[in-house]
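Worksheet: one structure, shown below.
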Protein chains: 2
Amino acid sequence: MPTLDEVARLSGVSRATASRALTGDAKVKDETRKRVKAVAESLGYRPNRAARSLASGKSGVIGLVLPTLLLSDDPYGALLIHGLSDAASRRDLGLMLWLTHQEPGSTVREIFSGGIVDGLVVSATALNHRWVEPILDGGIPSVLLGRHPSRPDVHHLRVDNLAGARLVVEHLVSLGHKKIVTITGPLDRVDAVERLQAYRDVMEENGLTVTDDMISESNYTPDGGLAAMARLLPLKPTAVFCGNDQMAFGATEAIRLAGLDVPTDISIVGFDDFPDARSFRPPLTTVGQDIALLSQRAVDRLAELIADPSLPPEDVILPAKFSIRRSTGAPPSQ
Amino acid sequence: MPTLDEVARLSGVSRATASRALTGDAKVKDETRKRVKAVAESLGYRPNRAARSLASGKSGVIGLVLPTLLLSDDPYGALLIHGLSDAASRRDLGLMLWLTHQEPGSTVREIFSGGIVDGLVVSATALNHRWVEPILDGGIPSVLLGRHPSRPDVHHLRVDNLAGARLVVEHLVSLGHKKIVTITGPLDRVDAVERLQAYRDVMEENGLTVTDDMISESNYTPDGGLAAMARLLPLKPTAVFCGNDQMAFGATEAIRLAGLDVPTDISIVGFDDFPDARSFRPPLTTVGQDIALLSQRAVDRLAELIADPSLPPEDVILPAKFSIRRSTGAPPSQ
DNA sequence: TTCTAACGTGAGAGCGCTTCCATTTCAACT
DNA sequence: AGTTGAAATGGAAGCGCTCTCACGTTAGAA
């Protein structure tokens, strides 16, 4: 494995110049740079990341911290990883990954504090995940995905849950539905709370009363959605707003099990617009987060932050995208 | 950020001793070690990874190289990442991630050669992915997941496709099915070819003829499965062996669209046993890879390899796990 | 021709750690 | 008390790179 020294020697320049020539930024005579690059190429030279990192204080690697659940129970994690990987490699950054279970784990702290990453994308959907705090306190430039209300000092990036949820509920109202129920995600999650709030708001604005039994808390899974829908069915709703697509899938199942049809008897809307929503039967009306965009923006922001850690925290809200498909229709005329 | 020097000074020992005390292996008086550790703790000392890596030549990080498709179209990628993350953190290793598109990309080579990772887990399902070769030639300890026939010089780890596929097909035969068709994955993938081979073998061994029209190549997606099944339906099969669960889902849809029932009219089996197979209606008879185990073994093997790169290459085959569920039954009596 | 300023380059000091080698300490023997 | 070898520690040399600082070079202005 050739070192920079050898490249320098064979190019007839000093190590300093060789470094400058290869790094690209500083002033080096064009001819020199070309010569050095040629030598480096012919030697198959690759800079040693550790040495570079030690000398420069930058590792060229960013990290993603993701609750395990978001990867295993949900397409979200995979999509996010996909998006971040693309965005990072576009900027020539490496990507490290930490899946966090409930415990913060000494691991988490230790790894972070070693300068192994220049910055962190933290997906923190749960209000009270204990590992979030130590990470944010670690002094590493971080971008938080999803809102974490207790930390106004941190950079946020999130999709407009409230406006997004309003879109789908308003869509139901505009179709003429009056008896609209909702299945929420776990209410210790910010997004679940916000989506519920949007539901309440829209209902109230349209003079539709919401009683407690019209709200069924669940867990963002198909099975949970099925069970929740079963609880809701006796109310004879004509439409359901599900806190995510997964639960909408389960709810659809429950409706069919009851001998009813979607959307003839009951209209159903979800949230997320993950790939499955499109191929579902019937294709699901839902409102989506553009995760590729989210990832891109997260990395962009992080890069800025790494360049200048003193940047004031911002709370960036991305618009949600609404897709009307075939799971919604007018309420039965009866 | 305190350095080792400070810890040493405050502990009244040399830097060398402090290093030994914290690293854990070498001989240090118990009392000294305790003292140093206490000081380090109170200072909130975290070793600088770059420095450690530069001095020791080890980064404490392993990498996963994964074709993008496996993460976006398939639960496999997510499960693998999950498993590897767990296994890695159990050994106190960091995990880096590279998703590869078709092009090898200078990126891939460059990043690998910098000593940023000590070893690589490479998921190489496609026969002819061009990025595989440069990686394996990079001289970094690597474990290949899935068979890559052209490289007997590399450590392999894979699930027994052949035996697994035999299990499900034999199950169909033992139920009395004669007219068994198959939907395969893309035949440039090793696993698809192997599963098809198992099908042919079992059929032949049981005196059942296979004609070309009984084999429909598809793409491992539900839509692909649906289309393939539609092509196969005119043959009036009583059972289908699908190259993966996803296609089995689609095939089931196609069968229902034709007014037939699973398993009354047609039995169906898949491959993979991803989480969805269990919750599918009807729950899918399938044969699974234990990805958690696979990951664990991959990391174990990689750790051995990092410790001693001269270890002779081995081809480890993990057994597949067979789960009989409700998508299979006896053929219609007619 | 001489002065000045920009430009290009080299020398060398680290970055924070591990580890080899030399040295000291100490307990267990003669 | 003296010897000895193992155990514990310190000194110091790097690991391969970046970057500051100082110096030499060149070209345009005086």
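The sequence lines fix the lettering, A, B, ..., with proteins before strands; numbering per chain opens at 1. Because the structure is a prediction, the values reported are computed rather than measured.
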- Message: As an exercise, state the distance from CD of B:Gln296 to CG of B:Asp290, rounded to the nearest 0.5 Å.
- Response: 10.5 Å
- Query: What are the bounds, 5' to 3', of the part of DNA chain D that sits under 4.0 Å from heavy atoms of chain A?
  - Reply: D:dG16 to D:dT20
- Using a cut-off of 4.0 Å on non-hydrogen atoms, how would the nucleic acid contact of A:Thr32 be classed: base, sugar-phosphate, or nothing? sugar-phosphate
- When rounded to the nearest 0.5 angstrom, what is the spacing between CG in B:Asp5 and CZ in B:Arg15? 4.5 Å
- Message: Rounded at 0.5 Å granularity, tell me how far CD1 in A:Ile81 sits from OG in A:Ser295.
- Response: 10.0 Å
- Message: For the CG atom of A:Leu305 and the CG atom of A:Asp118, what is their distance to the nearest 0.5 Å?
- Response: 11.5 Å
- Query: Is there a side-chain contact between A:Ile306 and A:Ile62 (heavy atoms, below 4.5 Å)?
  - Reply: yes
- How many angstroms lie between CG in A:Leu80 and CG in A:Leu294, if you round to the nearest 0.5 Å? 6.5 Å
- Item | Toward the 5' end of DNA chain C, by each residue's nearest nucleotide, A:Arg15 or A:Arg20 | A:Arg20
- Under 3.5 Å, side chain of B:Arg49 to main-chain N/O of A:Gly115, donor-acceptor pair present? no
- Note on the structure: The residue, B:Ala51 or B:Ala18, whose nearest nucleotide of DNA chain D is more 5′ is B:Ala18
- Which pair of heavy atoms, one from B:Ser123 and one from B:Tyr76, lies closest together, and at what distance? OG-CE2, 4.0 Å
- Would you mind classifying the nucleic acid contact of B:Lys27 as base, sugar-phosphate or nothing, using non-hydrogen atoms under 4.0 angstrom? base
- Query: Across the strands shown, which category fits A:Ser53 at heavy-atom distances under 4.0 angstrom: base, sugar-phosphate, nothing?
  - Reply: nothing
- Query: NA contact type, B:Ser19, heavy-atom cut-off 4.0 Å: base, sugar-phosphate, or nothing?
  - Reply: base
- Toward the 5' end of DNA chain C, which comes first, A:Val13 or B:Leu54, by nearest nucleotide? A:Val13
- Note on the structure: To the nearest 10 degrees, the angle between the two end axes of the helix from C:dT1-D:dA30 to C:dT30-D:dA1 (five pairs per end) comes to 50°
- Note on the structure: Distance col, row B:Asn48:CG vs A:Ser59:OG, nearest 0.5 angstrom, shows 10.0 Å
- Evaluate the side-chain contact (heavy atoms from CB on, under 4.5 Å) criterion for residues A:His156 and A:Leu145: first the C-alpha distance (whole Å), next the side-chain angles of each, then the deciding distance (0.1 Å), finally the verdict. CA-CA 6 Å; A:His156 289 287; A:Leu145 262 33; over 6 Å; no
- Query: If you look at every heavy atom in A:Leu4 and A:Ser19, which pair is closest and at what distance?
  - Reply: CD2-CB, 3.8 Å
- Task: Extract, from 5' to 3' on DNA chain C, the first and final nucleotides lying under 4.0 angstrom from some heavy atom of chain B.
- Result: C:dG16 to C:dC20
